[in-house]
Each structure stands twice: as structure tokens, then as C-alpha cells.
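To start, the structure under review is shown below, and the notes come after it.
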Amino acid sequence: MDKKPSKPATQKNTQSGASQMWGGRFAAGPAAIMQQINASIDVDKRLYKEDIQGSLAHAAMLVKQGILTKEDGDAIADGLTRIRKEIDQGRFEFQTALEDIHMNVESRLRELIGDAAGRLHTARSRNDQVATDFRLWVRGAIDDLSAALKDLIHALLDRAEEHAATVMPGYTHLQPAQPVTFGHHLMAYVEMLGRDLGRLTDCRTRLNECPLGAAALAGTPFPIDRHATAQALGFDRPTANSMDSVSSRDFALEYLAALSILGAHLSRFAEEIVIWMSDGFRFISLSDAYTTGSSIMPQKRNPDAAELVRGKVGQVVGALTQLLIIVKGLPLSYGKDLQDDKAPTFAASDAMALSVAAMAGMVRDMKVNADRMRQATDGGFLTATDLADWLVRQLNMPFRNAHHVTGELVRLAESKNCRLQDLSLAEMQKVEPRITDGLFSVLGVDQSVASRKSYGGTAPDTVRRAIAEARERFK
Ligand code: ARG
């Protein structure tokens with residue numbers, strides 16, 4: 001870390017650092033406070049690989065177009081490759097006085113190869129350079145996160161398969177509603193995360209255009225080949241408008257929006273893990289690997305990882321808000337406000353990478369207490385809807401009447417503190433004389449889930465089919 005002055009300094013410095021690179025018309029260097037507010041190297045050094053990759057492609061194109069000699073091009077490429085190695089190995093000295101990653105690299109290049117370094121910046125500006133670097137970085141982050149998300153999806157598919165027939169209460173309003181299987185519940189998250197994956201893929205497709213060669217904002221008189229640099233950097237095409245190229249960050253906004261929705265999904269899931277692990281539920285337990293103890297209460301086992309995932313979404317939604325506010329009201333084209341696009345994007349990216357990995361870890365780690373889940377289905381009259389459906393189907397009763405009859409039977413069972421299937425036939429017939437023995441066959445939770453064979457339903461065989469389909473989709 002660079003040393004920061006403890007209080008804002010106001011004195012002028014003589015020219016040094018970055019102003020050596022652009023200070024032709026500047027008589028004196030920046031005030032220390034100017035340097036401090038202007039420098040972004042602490043954050044954007046993270047772009048060094050992308051920055052060097054972009055510069056290599058740019059220099060190669062300049063040589064091919066006859067704008068740069070082959071000798072200069074080779075010297076630049078060798079120098080950049082050396083610099084990448086220096087940074088990789090932690091041997092590079094980043095300087096705050098050089099503002100950002102672009103000028104830190106270029107300044108070092110000058111030390112290594114001399115004046116030829118000054119030709120690298122022909123036909124480009126830091127404005128198109130940073131836009132290119134940042135797109136490359138976000139694209140890489142999307143690829144990494146997509147792979148991690150797929151891993152989480154596969155962890156869920158494996159556990160869902162294992163528990164395709166494990167019954168538990170399904171909830172609405174967190175009140176017991178109808179029996180479902182644990183596998184079916186987990187598969188709901190597979191669907192959510194699958195859409196998150198789709199959003200990241202869509203974002204990547206729209207992002208994959210190359211701003212390099214837009215130069216400061218208006219394009220360049222040099223005979224550059226933007227299609228060549230776009231292709232060399234794995235972009236589908238160059239961006240179509242030079243002003244848009246240097247001033248737009250909607251690719252990052254879209255990425256942060258996708259991360260925010262993903263974060264919200266993970267947060268819901270994390271909350272369920274906290275609930276399932278709580279003493280009132282005890283549906284699952286997590287091992288020492290994903291829990292912590294308390295420094296004062298020896299009996300405690302806390303689901304910290306899940307709680308942290310539940311909270312991390314705040315950082316991500318905060319980042320989205322931050323960047324939206326930076327971009328709104330910014331006149332075309334580039335404004336330095338845009339320099340602050342990176343810190344929130346990096347932070348949100350890190351938060352989600354951690355969260356997805358932690359969730360995959362917890363899904364694989366959790367021990368499922370199937371007995372507790374089944375026990376919990378004893379309460380809550382979960383098969384009341386099955387009873388009402390039976391009345392409709394067997395007695396041709398209008399559903400509203402069936403709902404009413406069922407309500408009376410539930411009240412009776414409640415007063416006797418028993419389950420619906422524990423009422424006797426005679427007791428039931430007092431409420432509705434046409435009820436027969438056949439009714440009892442729909443009151444068990446296994447029968448209930450097995451009967452829900454409609455597409456997307458919770459019947460174990462239907463869940464198994466959904467898992468097989470999902471395995472195909474997320475191969
Ligand atoms: N560090 C700057 C950023 O991240 C690079 C672009 C600077 N451009 C300029 N005209 N000062 O946005």
C-alpha cells in the first residue's frame with residue numbers, strides 16, 4: 001500500500017509522476033490532495049492483465065497497419081510481457097504518482113525500452129483503453145462466476161436426487177401448507193439459479209463489443225483496424241459509436257443487476273438454511289466446516305456462512321445503486337466520475353464469488369434430517385387440500401362446499417389434537433354422511449406428494465424427471 005498523508009496537503013508539488021506523461025502545458029505538478037483524489041491505482045491495478053492484453057493487441061494492429069515499425073512493435077511487446085511477469089510475481093512497484101494502471105505500465109515500459117514506449121499510445125486514449133480493460137475484466141468475471149454457479153447447480157441436483165422422495169412440509173407465509181419433497185424444494189433454487197446463469201450469459205453477449213480505437217471520444221485519423229483488435233481480444237465486433245464507447249457503462253450495470261438478483265436468490269436460500277438449522281426445525285445440520293461456535297456459550301453451533309451470504313447481497317445492491325448514480329446525469333462523453341466504476345464492481349464480484357462457493361460448500365455439507373422433516377408433516381393438517389379434492393372428485397361436491405366440509409373436519413381434529421387420518425369414519429360421517437373409507441387413502445403425506453404428478457409438481461417421479469431434464473440443461 002502506498003503511504004497516504006495523514007491530513008490533506010495543500011502545497012503544490014513540482015512536476016513528477018503522471019504529469020510527466022501529460023504535463024506538456026502544465027507549469028507545476030498537482031497538489032498532494034489532487035494526486036490523492038485522482039489516483040486509482042490501488043483499485044485498478046487489478047486490471048493489469050487486461051490492460052497489457054489490450055496494449056499487445058493494439059501494438060500488433062499498429063504494426064500491421066504500418067503505423068508502427070516492426071522493431072518498435074517487437075520492443076513494445078517484449079517490454080509488456082516482461083511487465084506482466086513482474087506484476088505476476090509481485091516485483092512491480094506501483095506508484096500513486098502515476099495515477100492509474102495505464103500510466104504505471106507505460107512508465108515502466110519507457111524504463112525498459114526507452115522512447116519506443118511513447119508510440120504505444122498512438123491512435124488510442126486512456127478513455128477507450130480503460131473501457132476495453134474493464135469490459136475484458138467483467139467478461140472474465142462472468143465466465144468464472146458462471147462456472148461456479150454451474151457447480152452450485154450440480155451440488156443442488158445431486159442432493160435433490162438423493163431426496164426426491166423425502167417428505168417435508170411445504171410452506172406459504174411460512175405456515176405449513178401442503179406436503180412436498182425436499183428434492184422438489186431444492187429444485188426450486190436450481191430454476192432460480194438457472195435464470196441467473198441465463199442473465200449473466202445475456203449480459204456477456206451484449207457486453208462483447210470492443211471500444212478500443214474509439215480514442216478519446218471521436219475516433220482517430222490513423223488508419224487503424226478496429227475489427228482486428230476486436231477479434232484479437234475475443235470480442236464479437238468493435239463498438240459502433242466512439243462517443244458511446246468511452247462513456248457507457250451499462251455493461252457493468254447489467255452485470256451488477258444480474259449479481260443483485262443472484263444475491264437476492266442466494267440470500268433467500270441462506271435464510272432457509274438458517275431456519276432449517278434452527279432448534280424449532282432441525283431439518284438439517286451443518287458440520288464444523290460451515291459453522292462456528294460462540295466464545296461464551298459452549299453449546300452453540302452457528303450458521304455463520306449462511307448468515308454472511310444472506311447479508312452479502314447488501315454490498316451488491318449497494319454497488320448497483322452506486323454505479324447507477326455515477327452514470328445518471330453524466331453528459332457525454334467520458335467524465336472522470338467513471339473512474340469510480342471499478343471499486344463497486346470488484347467488490348460486488350468478490351462478494352458473489354464467495355457467496356456462490358460458500359453455498360455450494362453448504363449444500364454438499366448439510367446433513368438432512370429426514371425423520372424430523374416427516375415428523376413435521378404430522379402437524380398443520382397438510383393434507384386438508386387432498387381431503388377437499390377427494391370430496392370434489394368422489395362426491396361431485398362443488399369445491400367451495402368441499403372447502404367448508406374440510407374446514408369443519410380440521411376443526412374437529414384440532415379440538416381432539418389429532419391428525420385428519422386419526423378421525424374415525426363415524427366422526428367424519430357426522431360432518432358429511434357420504435364420506436366413505438376410501439377417503440383415508442388420500443390423507444397420508446406420501447400419497448399426497450405421489451399424487452401431484454402435474455408437470456412441475458412435487459411427486460417423486462416428477463421431481464426425478466425434472467432433475468434429469470435439468471442435468472441436460474446445465475451440462
Ligand atoms: N483511470 C481512468 C479511469 O479509470 C482512466 C481514464 C482516464 N482518462 C482521462 N481522460 N483522464 O477512468
Side-chain angles (χ1 to χ4, degrees), residues 2 15-26 29-31 33-55 58 80 83 87 92 94-109 118 120-141 207 210-220 233 239 242-253 255-256 319 322-349:
D2 296 280
Q15 261 192 50
S16 66
S19 55
Q20 271 176 349
M21 314 198 55
W22 46 252
R25 63 166 294 209
F26 284 73
I33 192 71
M34 174 60 197
Q35 227 173 58
Q36 227 179 302
I37 194 172
N38 201 34
S40 57
I41 186 62
D42 281 347
V43 172
D44 63 26
K45 62 178 159 201
R46 213 165 148 173
L47 295 176
Y48 79 93
K49 281 199 178 112
E50 291 77 11
D51 193 65
I52 289 172
Q53 187 188 1
S55 289
H58 182 66
L80 288 171
I83 294 170
I87 304 178
F92 189 94
F94 290 103
Q95 289 177 54
T96 308
L98 288 167
E99 274 187 48
D100 57 23
I101 184 63
H102 323 297
M103 297 211 282
N104 268 268
V105 170
E106 193 184 317
S107 163
R108 177 69 183 136
L109 189 62
L120 170 61
H121 216 51
T122 313
R124 77 169 186 192
S125 142
R126 276 188 292 157
N127 297 349
D128 57 334
Q129 188 180 355
V130 74
T132 305
D133 294 1
F134 197 29
R135 278 190 196 233
L136 285 172
W137 190 92
V138 172
R139 192 178 72 186
L207 162 158
C210 186
L212 196 59
L217 76 161
T220 173
L233 295 171
T239 48
S242 60
M243 295 181 76
D244 170 55
S245 306
V246 297
S247 43
S248 291
R249 295 294 183 268
D250 50 273
F251 66 90
L253 286 171
Y255 171 60
L256 291 174
Q322 199 175 333
L323 188 53
L324 279 169
I325 292 173
I326 286 173
V327 167
K328 82 164 273 299
L330 194 65
L332 296 189
S333 60
Y334 178 85
K336 199 63 174 262
D337 326 34
L338 291 175
Q339 175 163 281
D340 282 332
D341 56 1
K342 288 165 219 75
T345 308
F346 292 163
S349 232

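Whatever order the structure lists ligands and atoms in, that order sets their numbers, starting from 1. Note that the coordinates shown come from a computational prediction; the quantities given were computed from them, not determined experimentally.
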Strictly distance-based, threshold 3.5 Å: is any side-chain N or O of [X] a donor or acceptor partner for the main-chain N or O of [Y]?
| X | Y | result |
| --- | --- | --- |
| Ser333 | Val246 | no |
| Asn104 | Phe94 | no |
| His58 | Gly213 | no |

Heavy-atom contacts with [X] under 4.0 Å: which atoms of ligand 1 show up? List them by number with element.
| X | result |
| --- | --- |
| Ser40 | 1 (N) |
| His102 | 5 (C) |
| Val130 | 3 (C), 4 (O), 12 (O) |

Checklist entry - Relative to ligand 1, is Glu99 under 4.0 angstrom through side chain, backbone, both or neither, heavy atoms considered? => result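 Looking at Glu99 and ligand 1, no heavy atom falls under 4.0 Å.
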
Item to check | Proximity of Gln129 to ligand 1 by residue part, where a heavy atom lies under 4.0 Å | outcome: neither

Next on the checklist: List the residues meeting side-chain contact (heavy atoms from CB on, under 4.5 Å) with Ala216, not counting sequence neighbours, and say none if there are none.
Outcome noted: Ser125, Asn127

Checklist entry - Is it true that atom NZ of Lys336 has more than 12 heavy atoms of other residues, nucleotides or ligands lying nearer than 6.0 Å? => result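 Count over threshold, so yes.
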
Starting from [atom], which protein heavy atom do you reach first, and at what distance in Å?
| atom | value |
| --- | --- |
| atom 5 (C) of ligand 1 | Asp100 OD2, 3.5 Å |
| atom 2 (C) of ligand 1 | Gln339 OE1, 3.2 Å |
| atom 4 (O) of ligand 1 | Lys342 NZ, 2.6 Å |
| atom 11 (N) of ligand 1 | Arg126 NH2, 3.5 Å |
| atom 9 (C) of ligand 1 | Asn127 OD1, 3.4 Å |
| atom 7 (C) of ligand 1 | Tyr334 OH, 3.5 Å |

Checklist entry - Which salt bridge (charged side-chain N to carboxylate O under 4.0 Å, His left out) pairs, counting each pair once, include a residue from residues 125-136, with sequence neighbours left out? => result Glu99-Arg126, Asp100-Arg126

Next on the checklist: One pair to check against side chain to side chain contact (heavy atoms under 4.5 Å, CB included): Leu109 and Ile83. What are the steps and the verdict?
Outcome noted: CA-CA 7 Å; Leu109 189 62; Ile83 294 170; 4.0 Å; yes

Item to check | CD on Gln339 to CG on Asn38, rounded to 0.5 Å | outcome: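 So the CG of Asn38 and the CD of Gln339 are separated by 6.0 Å.
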
